[in-house]
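Below you'll find the structure, written out as structure tokens, and then a few comments.
Values below: all heavy atoms of this structure, side chains included; hydrogens, waters and symmetry mates excluded.
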Amino acid sequence: MSALTTAELPVIDFALLSGNQQEQQQALDTLSQAARDVGFFYLINHGIDQALLNEVQQVARKFFALPQADKTAVAMANSPHFRGYNLAGVEITRSHPDFREQFDIGAERDALPVTADSPTWQRMQGPNQWPKALPELQTVVTRWQQQMTAVALELLRAFAEALNLPRNAFDNLYGDYPNEHIKLIRYPGRTEGESRQGVGAHKDSGFLTMLLQDDQPGLQVEVTPDNWIDASPLPGAFVVNIGELLELATNGYLRATVHRVVSPQQNNERLSIAFFLGAQLDAVVPVYQLPPQLARLAQGPSSDPLNPLLREVGWNYLKGRLRSHPEVAQRFYPEHNTH
């Protein structure tokens, strides 16, 4: 893979995916190359109104500005579903704390009944925690989630077309109860003598991640183990990256790229809002039959021994959450606790 600069991160025009045949093919070709070569790209002309993007950023800032007691009242440590607030330094990536303050939200659903025979991952489904001090948070984030889902699903179907698969090839994995996930994230500034790990190097576990950034840099993409490039903010665009599900589904033809966030300098902060399109928890990811010219380039998924990829979706999500959130693991998943 050739070295890339920030300026060379691909840009996908979402509007062209519903354009004329020539425009569609051009957009699909760019999408296919971006997904194969780097696994990251900018998405422009996505159709979500800038006013809503501003609103979701404003309400996220209001949440992080709440008194600490109001945020602690919805702490993730209260939730077996991994929903809620974490102080900076609570989440762990690659055995080191991530210095980001965050609030995790999932699809709003009732908890599943759990029996002795139920797979452990069923406990991940359940209701969100919402701060009583900021009722508008639920309203704005839910509206944003619905619009993001529509864009992400269209993009996922475009991926299928780019791979010469039926347009709805991945729909069964997404299912009726997908594991959609939102993170509101605030990265506080750090001094030169402090760890700059906003979030450590990792892959995302779902289909696609779509990131709304503010104007502060910090997101970096691994091109080779010694070469990281910046995914600097592009006004009005989402940064999109591929998750482990697409790497598994294409036998490694598509790549879930390792990425990280470097904390901002002291007296600065960075706000980002991530939307993760996931699969239904009870799904099992098959290997899709790609056309021969693509299949021969698929060398199998790249599985880190410290983070093995699992085709059983529920287990793949759960192992990551348990590793990242030891407080929840200790309280609600003691049978899986390795700390």
Side-chain angles (χ1 to χ4, degrees), residues 1-19 23-54 56-57 60 144-145 147-163 182-185 187 198-199 201-204 206-224 227-243 246-247 254-262 264 270-277:
M1 188 184 305
S2 59
L4 295 169
T5 68
T6 302
E8 290 172 329
L9 272 182
V11 177
I12 305 295
D13 189 335
F14 185 76
L16 295 184
L17 293 171
S18 55
E23 289 175 335
Q24 283 183 356
Q25 193 56 54
Q26 175 190 342
L28 289 174
D29 289 346
T30 306
L31 183 66
S32 180
Q33 184 174 358
R36 170 68 180 162
D37 288 352
V38 67
F40 264 77
F41 56 89
Y42 296 103
L43 188 71
I44 63 171
N45 294 328
H46 42 70
I48 298 182
D49 193 80
Q50 186 63 45
L52 178 56
L53 302 184
N54 294 342
V56 74
Q57 289 179 311
W144 187 70
Q145 179 181 12
Q147 295 197 24
M148 292 295 287
T149 297
V151 173
L153 278 176
E154 185 65 24
L155 195 56
L156 186 64
R157 290 165 182 156
F159 269 104
E161 291 184 300
L163 294 167
I182 290 171
K183 270 184 183 287
L184 313 180
I185 312 165
Y187 297 92
V199 60
H202 68 286
K203 295 180 178 182
D204 292 339
F207 280 122
L208 297 170
T209 302
M210 301 175 66
L211 186 70
L212 175 62
Q213 304 189 86
D214 67 2
D215 58 359
Q216 290 292 316
L219 176 62
Q220 296 185 333
V221 180
E222 184 184 66
V223 180
T224 68
N227 184 14
W228 294 81
I229 59 170
D230 293 322
S232 298
L234 182 65
F238 296 118
V239 175
V240 181
N241 65 278
I242 291 166
L246 282 179
E247 184 169 345
L254 299 183
R255 46 175 299 182
T257 305
V258 174
H259 53 287
R260 67 186 181 189
V261 172
V262 177
R270 179 177 183 271
L271 180 79
S272 64
I273 304 173
F275 173 86
F276 304 88
L277 181 73

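Within the 4.5 Å cutoff, no side-chain heavy atoms of M210 are placed close to those of V239.
Evaluation of the salt bridge (charged side-chain N to carboxylate O under 4.0 Å, His left out) rule for R157 yields D171 as partners, not counting sequence neighbours. For the side chain to side chain contact (heavy atoms under 4.5 Å, CB included) test, residues two or more places apart in sequence or in another chain that qualify with E161 are L28, R167. Residues passing the ring-ring contact (aromatic ring centres under 6.0 Å, His included) test with F238 are H46, sequence neighbours excluded. By the side-chain hydrogen bond (donor to acceptor under 3.5 Å, both in side chains) test, E23 pairs with no residue at all, sequence neighbours left out. Take Q145 and apply the side chain to side chain contact (heavy atoms under 4.5 Å, CB included) test, not counting sequence neighbours, and it matches A107, T149, E180, I182, F275. Every residue meeting the side chain to side chain contact (heavy atoms under 4.5 Å, CB included) condition with Q57, not counting sequence neighbours, appears here in chain and number order: N54, L212, D214, L271, I273. In this structure, S272 has no side-chain hydrogen bond (donor to acceptor under 3.5 Å, both in side chains) partners at least two apart in sequence or on a different chain. With sequence neighbours excluded, the residues satisfying ring-ring contact (aromatic ring centres under 6.0 Å, His included) with F276 are H181. In this structure F207 satisfies the ring-ring contact (aromatic ring centres under 6.0 Å, His included) test with no other residue, sequence neighbours excluded. Applying the side chain to side chain contact (heavy atoms under 4.5 Å, CB included) rule to A15 yields the partners D13, N45; only residues at least two apart in sequence or on another chain are considered.
In the model, D29 has a side-chain atom that pairs as donor or acceptor with a side-chain atom of Q25 under 3.5 Å. Looking only at atom types and distance, the side chain of D204 has a donor-acceptor partner in the side chain of T209 under 3.5 Å away.
Between H259 and F40, the ring planes are perpendicular. Angles over 60° get that label, and only those under 30° would be called parallel.
With respect to the salt-bridge test (charged N to carboxylate O, under 4.0 angstrom), the residues K203 and E247 qualify.
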